[in-house]
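Quick notes on the structure that follows.
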Amino acid sequence: MTSSQADPSPEPLPGYAHVYSGKVRDLYAPLDASGAPRDDQLLLVASDRLSAFDFILDSPIPDKGAVLTQLSLWWFEQLADVVPNHVVSTDVPPQVAGRAVLVRRLSMLPVECVARAYLTGGGLREYVTDGHVSGVPLPGGLVDGSRLPEPVFTPSTKAPVGEHDQPMPYADVVAAVGERTAERARDLTVAILKRGNEIAADRGILIADTKVEFGLEGDSLVLADEVLTPDSSRFWPADQWEPGHTQPSFDKEFVREWLTSPGSGWDKASGQAPPKLPDDVVERTRAKYVEAYERLTGRTFAP
Ligand code: PZK
């Protein structure tokens, strides 16, 4: 869908130059002593913005950026024996404290690395059409929400902001990055999702699928961006898992339910921007992000 919304205007950050903005996060380059942008580091800033039905909503979710940043940092630690990561420091300007990370600037792979442990969304559509997902044959009889025998690597292209990623055949990944790097990115993506689900399983959350980004440092792959957050992954409440229909989203359930209810007065087919969320929907959604963080990490979220 082409966005009809204005680009988010990133906040000015003294000592940093704005580089790029995604839907809900912003990238800055630290300025050196002479005022020039450094070429070896970036500041990754998570906002409180929320997307639903391909719109960035007008209602921010308080602390969402901090919760997701702290969750990513915790996962990087849990995954340290699986893959090195890009984190340099969490010593960041006070305006973005808790929701920004200083990272090493890497040469990013031009691929969204996706792995799926459960079948839904685009993977389900591909399976229904031809019995395969990203070239991997699957058993018959799987339905929306089925657990796959093994996680499958389903890479996609990086689409510009406002467009959807497209499935990318594995052969195209090999052509883009070489066979050695493609194999390593595939194996790491699957290992990250497996480790994520081993940890999340005991804590009432299923991670249906996830998208990670890797960069190269020399010829070693480094995990970049965010990892195993509700923005990069589908989190499902384990106690409600029931294959055969669309699973409720752990974090966006209340938002979707309200936006599609008569009470919102909004029609998602209208192309109109969604209305502001009621305060109780904002508060209950914030509580779900905090709940995901606290359940997974066993820590208390302190804003
Ligand atoms: C990088 N993105 C996606 C994330 C945005 C866009 N360590 C790195 N080195 C070089 N480039 C990137 C990273 C990271 N992470 C990540 N694009 C480039 C992205 C957040 C906000 F606007």
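Residue numbers start at 1 and run along the sequence shown. Read the numbers this way: they start at 1 and go in the same order the structure lists the ligands and their atoms.
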If you count the atoms of ligand 1 from 1 in the order shown, which ones are under 4.0 Å from a heavy atom of Val103? 7 (N)
Of the protein's non-hydrogen atoms, which lies at the shortest distance from atom 2 (N) of ligand 1, and what is that distance? Leu27 CD1, 3.9 Å
Could you state the interatomic distance from CD (Glu112) to NZ (Lys158), rounded to the nearest 0.5 Å? 5.5 Å
Check ligand 1 against Ser21 and write out every atom of the ligand that is under 4.0 Å from a heavy-atom position of the residue. 22 (F)
Is there a nitrogen or oxygen of Asp26 sitting under 3.5 Å from a nitrogen or oxygen of ligand 1? no
Show the atoms of ligand 1 that are less than 4.0 angstrom away from any heavy atom in Arg104. 7 (N), 8 (C), 9 (N)
Per-atom contacts of ligand 1 with Met108, taking only distances under 4.0 Å to non-hydrogen atoms: 8 (C), 9 (N), 10 (C), 11 (N), 12 (C), 13 (C)
Taking both backbone and side-chain atoms of Leu106, is any N or O found less than 3.5 Å from an N or O belonging to ligand 1? yes
Could you tell me which atoms of ligand 1, counted from 1 in the order shown, lie closer than 4.0 angstrom to a heavy atom of Arg105? 9 (N), 10 (C)
Is Gln272 reaching over with its side chain to a backbone N or O of Trp266, donor-acceptor style, under 3.5 angstrom? no
Contacts of type ring pair (Phe, Tyr, Trp, His ring centres under 6.0 Å), residue Phe153, not counting sequence neighbours: none
Nearest non-hydrogen protein atom to atom 20 (C) of ligand 1, with distance, is Leu44 CD1, 3.2 Å
What are the atoms of ligand 1, with element, lying closer than 4.0 Å to any heavy atom of Arg25? 4 (C), 5 (C), 20 (C), 21 (C), 22 (F)
Check each atom of ligand 1 against the heavy atoms of Gly22 and keep those under 4.0 Å away; list them by number with element. 5 (C), 22 (F)
Lys/Arg N to Asp/Glu carboxylate O, Arg49 vs Asp231, below 4.0 Å: no
Between the side chains of Asp54 and Lys23, is the shortest nitrogen-to-carboxylate-oxygen separation below 4.0 Å, so that they form an ion pair? yes
Would you say the side-chain atoms of Tyr127 pair up with the backbone N or O of Pro139, donor to acceptor, closer than 3.5 Å? yes
Salt bridge Glu217-Arg104, side-chain N to carboxylate O under 4.0 Å: yes
Does the side chain of Glu213 reach to within under 4.5 Å of the side chain of Ser232, using non-hydrogen atoms? no
Give the residue, atom name and distance (to 0.1 Å) of the protein heavy atom nearest atom 6 (C) of ligand 1. Tyr20 CD2, 3.6 Å
Cys113 SG to Asp225 CG distance, which is reported to the nearest 0.5 Å: 11.0 Å
Any N or O of Asp225 that comes nearer than 3.5 Å to an N or O of ligand 1? yes
How does His86 reach ligand 1, if at all, at less than 4.0 Å between non-hydrogen atoms: by side chain, backbone, both, or neither? side chain
